[in-house]
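So the structure is just underneath, and the comments pick up after that.
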Amino acid sequence: MEMTKWFDTNYHNLVPELSSKTQFRLTSTKPIDEFQEAKAQGIETRTVLKGPATFLQLSKVKDDANPNFDRWTLLDDLLMVYAEVLRRLEQAGATWVQFDEPILSQDLDQAPLEAMKKAYAFLRSAAPKLKFCLTTYFGPMRDHAARVAELPVDLVHCDATRAPEDVERLAKALRKDQALSVGVVDGRNIWKNNFDASLAILKKAQAAMGDERVWVAPSCSLMHAPMGLRYETQLDAELKSWLAFSEEKLHEVSTLAELAATGKETAALKENRAAMESRRTSTRIHNPEVKQRVQSVGEQDMRRASPYIRRKEVQQARLNLPLFPTTTIGSFPQTKEVRAMRARWKKGELSNEDYNRFLAEETTRVIEFQDNVGLDVLVHGEYERNDMVEYFGEKLDGFTFTENGWVQSYGSRCVKPPIIFGDVSRPEAMTVRWSTFAQSQTKKPVKGMLTGPVTILQWSFVRDDQPRKDTTFQIALAIRDEVVDLESNGLQVIQIDEPAMREGLPLRKTEWRDYLNWAAQAFRLASSGVSDETQIHTHMCYCEFNNFIDSIAALDADVISIEASRSDMELLEAFKEFDYPNAIGPGVWDIHSPRVPSQAEMEDLLGKAARVIPVEQLWVNPDCGLKTRAWPETEASLKHMIAAAQSARKNAREPAMV
Ligand code: GLN
Ligand code: ZN
């Protein structure tokens, strides 16, 4: 199954595949087992199921014989399985069950809404004794709210942090026998709740519905927030006093419920006000210089000196690259040894001197390898980096890190996002050392390697006291300074990765324009401080380009590399209609598996690309960084890739022979 990000989170969702042959049956009793396990310990839980409409809507139709297959014809069959789960939960003694229908935060056509109506009517009669809670989160229901209120459910939950307007809307629309769960505690962030603000929202619901019909809750699942602050021993007391992780959030929920019910000015409320005030006025957060600099950003700062056609000439005159230039995306294998050395250095078992000597050896070796194998634009290998966001966060002011702030990303894999708590600035150069060192080892151009502002924002916990755009512009200015430093230290090519650009897209299409505008501006702000001669690359690793390609063009990067091999260059369809102006390297090697693609396969992919993109615009590269690969397949695959590029050059020079 394909993996996609769950809404605008960094959690990976496995996408079920549907076809006219799909048949559903219950193969796991996990929800019932877990209910019973908790019950045996005296805890009655509300089992959470992905709602049937969300399940079908977020699946993918894969039916070669029947590509226009209507997924909603599967609903009846699917509902039989849900009914069986409900019956078993009822037998096990459950009172409540929760259905998550987060698609309600998206634009929907009639089919999923009709499916919801049918589904909950059916399930209601299948399990008449169970109480139903229907939830949505991550965004407003908007016009879906009226339909939701008509469903035969006992409790409706909305995300009051992202959609406070839903509270009033639902409070008016719900029937007398229905209750409203108000998600006032942000499950997607790490900041302490502002009690006064939350109580104001709750009051509106209370006024419209009466206290008995109002529930207090986190906005969404707490899987998107770290476990608890008690696992943090390094964070200083002041910072800690501004934060709330999952355990603290649960306390906030019960405190808020109490405050809402009693209306009393308790010590907890006063303490909360003091924490809000301390954060609002802290000098650690506010840096007037940074704010001033963002204020004074103008159009001219977000534009290269000359248009691409002109830049292309001067860059080519300087770099003198062949047709189908070859490069990689940045990292080379992070072997066990590399990771072990970094771990030892972090623990203090290895001196700075020894660690740097080790990094220098690795970098020298990877440059030599790239030179020998015949790549055209080299990279330094990223041996000094643990993670492409953490590395920069650690070097920027305004960021802090946790010891155990893990959130689930996929299966047993977790990520530990940095926390952006204050105005962002760059105290000193971050990457110049290793990039210039690498460049000093070769005559070929080495690409400087940076992470872009939108990706740094997207993969961090962000401030809730200023718009995301403002934080992104602050990061963009810090990256801009780094780009300029790399240029003045002799780097002729600089890549700014933006793999998270697409997952930052708002859930509603009406908001896309605005986001894409400022995201592109931030990228251009980061990349436009250099002269025409310096070649700016970017990289993105996903293959859905529909509705998006014009925004990629708006970045005005001289070269972009993208993931393409897994979809067999299918994404290049978008290029048929849209004349992408700049250079592009559609990945010809799927680096997500150890398989070594043959030269012929890569030639074939290049041929497909050349059918929709003029050959003068094409670059040859893997799909993504090689960090997770081992050396044997890296060596073999890169040799094939370079041979494929050579043969493509030959064919382009002698078109008669094709
Ligand atoms: N430069 C990064 C690397 O090669 C890019 C990683 C990514 O796209 N996720 O590792
Ligand atoms: Zn990538």
Side-chain angles (χ1 to χ4, degrees), residues 3-5 10 12 326-335 338-339 342 359 362-363 366-367 369-370 375 377-393 409-410 413 415 417 430-431 434-435 438 446-460 479 482-483 486 491 493-504 523 526-527 536-545 548 552 555 557 559-567 571 584-593 619-631 633-634 637-638 641:
M3 259 202 277
T4 56
K5 299 272 170 105
N10 205 357
H12 293 76
T326 54
T327 192
T328 63
I329 309 303
S331 53
F332 266 83
Q334 286 255 335
T335 54
V338 175
R339 279 177 285 138
R342 187 163 49 241
L359 291 177
E362 291 298 305
T363 309
V366 85
I367 289 289
F369 165 75
Q370 295 172 86
L375 281 156
V377 174
L378 316 193
V379 296
H380 77 284
E382 301 183 27
Y383 292 112
E384 77 287 10
R385 302 186 191 175
N386 34 6
D387 171 273
M388 63 187 289
V389 168
E390 195 173 36
Y391 181 78
F392 290 93
S409 162
Y410 169 65
R413 279 202 207 171
V415 292
M430 306 183 281
T431 65
W434 292 113
S435 290
V446 171
K447 257 197 294 196
M449 195 57 61
L450 305 170
T451 303
V454 179
T455 298
I456 294 183
L457 178 93
Q458 194 62 26
W459 291 348
S460 303
I479 299 293
E482 186 72 15
V483 171
L486 284 170
L491 277 295
V493 183
I494 298 164
Q495 178 172 310
I496 307 171
D497 292 322
E498 282 291 21
M501 183 86 90
R502 195 174 206 286
E503 70 194 51
F523 181 87
S527 57
I536 297 289
H537 288 220
T538 189
H539 166 72
M540 296 183 183
C541 35
Y542 39 75
C543 41
E544 291 224 6
F545 276 81
F548 195 54
I552 292 178
L555 302 181
V559 184
I560 179 172
S561 60
I562 50 174
E563 176 181 321
S565 72
R566 264 203 293 190
S567 69
L571 84 154
I584 178 160
V588 291
W589 162 25
D590 172 10
I591 59 86
H592 298 88
S593 94
W619 279 63
V620 183
N621 47 259
D623 267 345
C624 198
L626 306 174
K627 195 172 170 176
T628 55
R629 292 277 53 85
W631 267 106
E633 72 253 23
T634 299
S637 304
L638 283 178
M641 188 185 94

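Order of appearance sets the numbers: ligands from 1, and atoms from 1 within every ligand.
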>> Would M449 count as a polar contact of ligand 1, with the cut-off being nitrogen or oxygen pairs under 3.5 Å?
In response: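 So ligand 1 has no N or O lying under 3.5 Å from an N or O of M449.
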
> Do E382 and ligand 1 have an N or O pair less than 3.5 Å apart?
Replying inline: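 Yes.
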
> Side chain, backbone, both or neither: which part of S331 has a heavy atom under 4.0 Å from ligand 1?
Replying inline: both

> With a 4.0 Å heavy-atom cut-off (strictly under), which part of M388 contacts ligand 1: side chain, backbone, both or neither?
Replying inline: side chain

Ligand-side contact atoms (ligand 1) for residue partner [X], heavy atom cut-off under 4.0 Å:
X	value
G625	3 (C), 4 (O), 10 (O)
G330	4 (O)
I329	1 (N), 4 (O)

Atom [atom1] in [X], atom [atom2] in [Y]: separation rounded to 0.5 Å?
X	Y	atom1	atom2	value
R385	S331	CZ	OG	9.5 Å
L450	M388	CG	CE	10.0 Å
M3	S409	CE	OG	8.5 Å
K447	S435	NZ	OG	11.5 Å
I479	T455	CD1	OG1	10.0 Å
Q334	N386	CD	CG	8.0 Å

> To which of M540, E563, K627, H539 does the heavy atom nearest atom 8 (O) of ligand 1 belong?
Replying inline: H539

> Can you check side chain to side chain contact (heavy atoms under 4.5 Å, CB included) on I560 and W619, steps first, answer last?
Replying inline: CA-CA 9 Å; I560 179 172; W619 279 63; over 6 Å; no

>> If I compare all heavy atoms of K5 with all of E503, which pair ends up nearest, and what's the gap?
In response: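 Closest approach of K5 to E503, heavy atoms only: NZ-OE1, 2.9 Å.
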
>> Between Q495 and T538, is there a side-chain donor-acceptor contact under 3.5 Å, judged purely by atom types and distance?
In response: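 Side-chain D/A pair, T538 to Q495: absent.
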
>> Before we go on, tell me: are the rings of W631 and F369 under 6.0 Å apart, centre to centre?
In response: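 Ring-ring flag for W631/F369: true, centres closer than 6.0 Å.
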
> Which residue owns the protein heavy atom closest to atom 2 (C) of ligand 1, what's the atom, and how far is it?
Replying inline: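 Going by distance alone, atom 2 (C) of ligand 1 is nearest to D497 OD2, 3.4 Å.
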
>> What protein N/O/S atoms are there under 2.8 Å from the Zn ion (ligand 2), waters excluded?
In response: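 Checking every protein N, O and S atom gives H539 NE2, C541 SG, C624 SG.
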
